[in-house]
There are 2 protein chains.
Amino acid sequence: MSDQTRDPQSHPGVPPKAAYHHGDLPAQLIAAVRDLVELHGPDGFSVAEAARRAGVSSAAPYKHFKDRPEILRGVVSEAMDRLRVAMQTGAAAHPHGSLEAVAAVGRAYVDFARAEPGVFRLVFGLTEGHQNAPDLLAKGEGCFGVVVAAAAACMRLPPDDPDVQSRAYMLWSCVHGHSFLTIDMKHKVASAGIDDWTYLMAISHAVLEYPLRA
Amino acid sequence: MSDQTRDPQSHPGVPPKAAYHHGDLPAQLIAAVRDLVELHGPDGFSVAEAARRAGVSSAAPYKHFKDRPEILRGVVSEAMDRLRVAMQTGAAAHPHGSLEAVAAVGRAYVDFARAEPGVFRLVFGLTEGHQNAPDLLAKGEGCFGVVVAAAAACMRLPPDDPDVQSRAYMLWSCVHGHSFLTIDMKHKVASAGIDDWTYLMAISHAVLEYPLRA
DNA sequence: CGCAAATGTTAGCACTTCTTACATGAAGTC
DNA sequence: GACTTCATGTAAGAAGTGCTAACATTTGCG
């Protein structure tokens with residue numbers, strides 16, 4: 001029983017660091033799942049294949065995650081963290097309260113969708129049946145909060161103003177739809193000819209400065 | 001060999017019309033799949049369960065559909081037909097060229113998403129890996145064409161005008177995003193307090209009448 | 001009628017999720 | 001150091017899935 005022949009089917013590329021106990025299996029698992037989701041789509045992922053990629057048996061994941069949905073939720077949670085950070089850094093790259101800052105938040109959103117379409121789809125396709133996950137709910141609120149903050153600064157109103165909330169929601173929905181259509185229609189001429197920044201600036205301008213109650 | 005004991009596991013509610021050969025199994029299958037998708041989400045559907053619901057063996061579907069994705073594609077195709085019809089009738093209920101007609105197209109879209117969130121998610125989540133289905137592509141173009149037509153009439157420009165195309169795309173993306181967020185956030189206060197019609201009229205107004213190249 | 005095609009069935013393979021029982025290594029205690 | 005304890009791995013297996021192969025029945029057409 002030498003500790004070198006521990007893994008009869010491991011990929012040869014795996015560094016022979018951890019012998020029996022894996023260094024950080026949960027993190028490696030959600031990384032593997034992220035790759036798989038990006039490769040085969042949100043539904044084309046299997047716990048077994050993720051375990052295979054991590055070099056462990058197909059039962060090992062269940063020591064760290066209750067079931068398959070919980071693994072997915074882990075991926076989503078991590079992705080939402082990254083999305084929120086990206087949106088914040090996008091806004092911070094422009095003057096506080098500027099329209100550009102609002103558009104930059106949207107661009108971070110679209111960029112995320114374009115860079116990780118599978119994960120993006122997973123994040124917003126997982127709400128079906130997972131409404132009971134309070135942490136995901138909270139992270140979603142956090143992301144929306146970034147939009148609200150940028151919109152409020154631009155409108156010089158407090159973030160809890162109802163008009164700010166409404167317009168932030170409208171902005172979010174437009175960018176959300178644009179992101180989905182972008183990754184869905186990558187074969188077609190993207191966005192009927194307008195590039196991201198033009199789209200985002202136009203939408204931000206129109207939504208934030210147009211009188212809502214006509 | 002009486003023809004009454006034909007089906008050892010049929011549901012008792014099925015009328016004893018078809019004996020061995022099913023009346024119209026493909027249609028009954030996609031109806032069953034539609035129900036299942038609505039019940040358990042786009043990925044929580046199995047060919048076996050659909051066959052069970054249709055009262056046939058688990059191998060019968062493969063006489064009509066090549067594989068599981070093809071069944072899904074059938075559901076999506078049928079759904080896109082209904083969506084396009086709904087959008088057209090929505091527009092026809094208002095004066096040609098009016099802003100209300102544009103908003104009504106959007107409302108049909110949102111209503112569809114709200115009525116069949118599972119199918120709606122399936123329609124726009126299936127693009128991953130199914131870009132090669134030319135009929136679905138064409139039906140998607142048909143739906144977008146309804147938006148373009150309404151926008152063109154409202155702007156009094158020909159439908160192939162680039163500005164019409166751009167603004168129609170923006171309209172579509174906004175309504176698309178609003179639809180997704182609506183079905184995702186049905187637990188929360190919907191849409192930050194604005195109802196569908198207000199949202200749609202405001203967006204249509206802002207997108208169609210605001211100068212794009214600021 | 002008689003045969004071919006269409007449409008159903010059962011049996012079975014490879015694969016998946018997830019559970020149960022067992023093995024191993026690491027950490028703490030005396 | 002020896003001994004227990006616990007977290008984390010494995011192997012084996014039950015139940016379900018997609019899909020195929022081989023067989024059965026009904027329908028339609030000459």
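Note on naming: letters A, B, ... go to the chains in the order of the sequence lines (proteins, then strands), and numbering restarts at 1 for each one.
Between B:Asp24 atom CG and D:dT27 atom P the separation is 15 Å, expressed in whole Å. A:Leu25 has its CG atom 9 Å from the C1' atom of D:dT8, to the nearest Å. To the nearest angstrom, P of C:dT19 lies 8 Å from NZ of A:Lys66. Look at NZ on B:Lys63: it is 12 Å from C1' on D:dC19, rounded to the nearest Å. If you measure from atom CZ of A:Phe65 to atom C1' of D:dA7, you get 15 Å, rounded to the nearest angstrom. At whole-Å resolution of the value, OH in A:Tyr62 and P in D:dA12 are 18 Å apart. Atom pair A:Asp67:CG and C:dT17:P shows a separation of 11 Å (rounding to whole Å applied). In this entry the distance linking CG of B:Asp43 with C1' of D:dG18 reads 16 Å, nearest Å.
Side-chain proximity of A:Val56 to C:dT17, C:dT9, D:dG9: nearest is D:dG9. The listed nucleotides are D:dT10, C:dA11, C:dC18; the one nearest the side chain of B:Ala59 is C:dA11. When the nucleotides C:dG8, C:dC18, C:dT10 are ranked by their closest atom to the side chain of B:Ala60, C:dG8 comes out on top. The side chain of A:Pro69 approaches C:dC18 more closely than any other nucleotide in the set C:dC18, D:dT10, C:dT9.
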Show me, pair by pair, the donor-acceptor contacts under 3.5 angstrom made by side chains of residues 29-38 of chain B, not counting sequence neighbours?
residue : atom : partner  : partner atom : Å
B:Glu38 : OE1  : B:Val119 : N            : 3.2
B:Glu38 : OE2  : B:Gly118 : N            : 2.6

For residues 101-110 of chain A, which side-chain N or O atoms pair as donor and acceptor with protein atoms under 3.5 Å away, sequence neighbours left out?
residue  : atom : partner  : partner atom : Å
A:Tyr109 : OH   : A:Trp172 : NE1          : 3.0
A:Tyr109 : OH   : A:His176 : ND1          : 2.8

Filtered N/O pairs between nucleotides 12-16 of chain C and protein, under 3.5 Å:
residue : atom : partner : partner atom : Å
C:dT16  : OP2  : A:Arg52 : NH2          : 3.1

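In this structure a side-chain-to-backbone donor-acceptor pair under 3.5 Å is missing from B:Ser77 to B:Gly74.
Screening residues 56-77 of chain B for salt bridge (charged side-chain N to carboxylate O under 4.0 Å, His left out), with sequence neighbours left out, gives no hits.
A close approach under 4.0 Å does not occur between any side-chain nitrogen or oxygen of A:His64 and OP1 or OP2 of D:dA7.
For the atom pair A:Leu181 CG and B:Ser173 OG, the distance stands at 6.5 Å (nearest 0.5 Å).
With sequence neighbours left out, A:Asp111 forms a salt bridge (charged side-chain N to carboxylate O under 4.0 Å, His left out) with no residue at all. By the salt bridge (charged side-chain N to carboxylate O under 4.0 Å, His left out) test, B:Arg84 is found to be paired with B:Asp81, residues two or more places apart in sequence or in another chain being considered.
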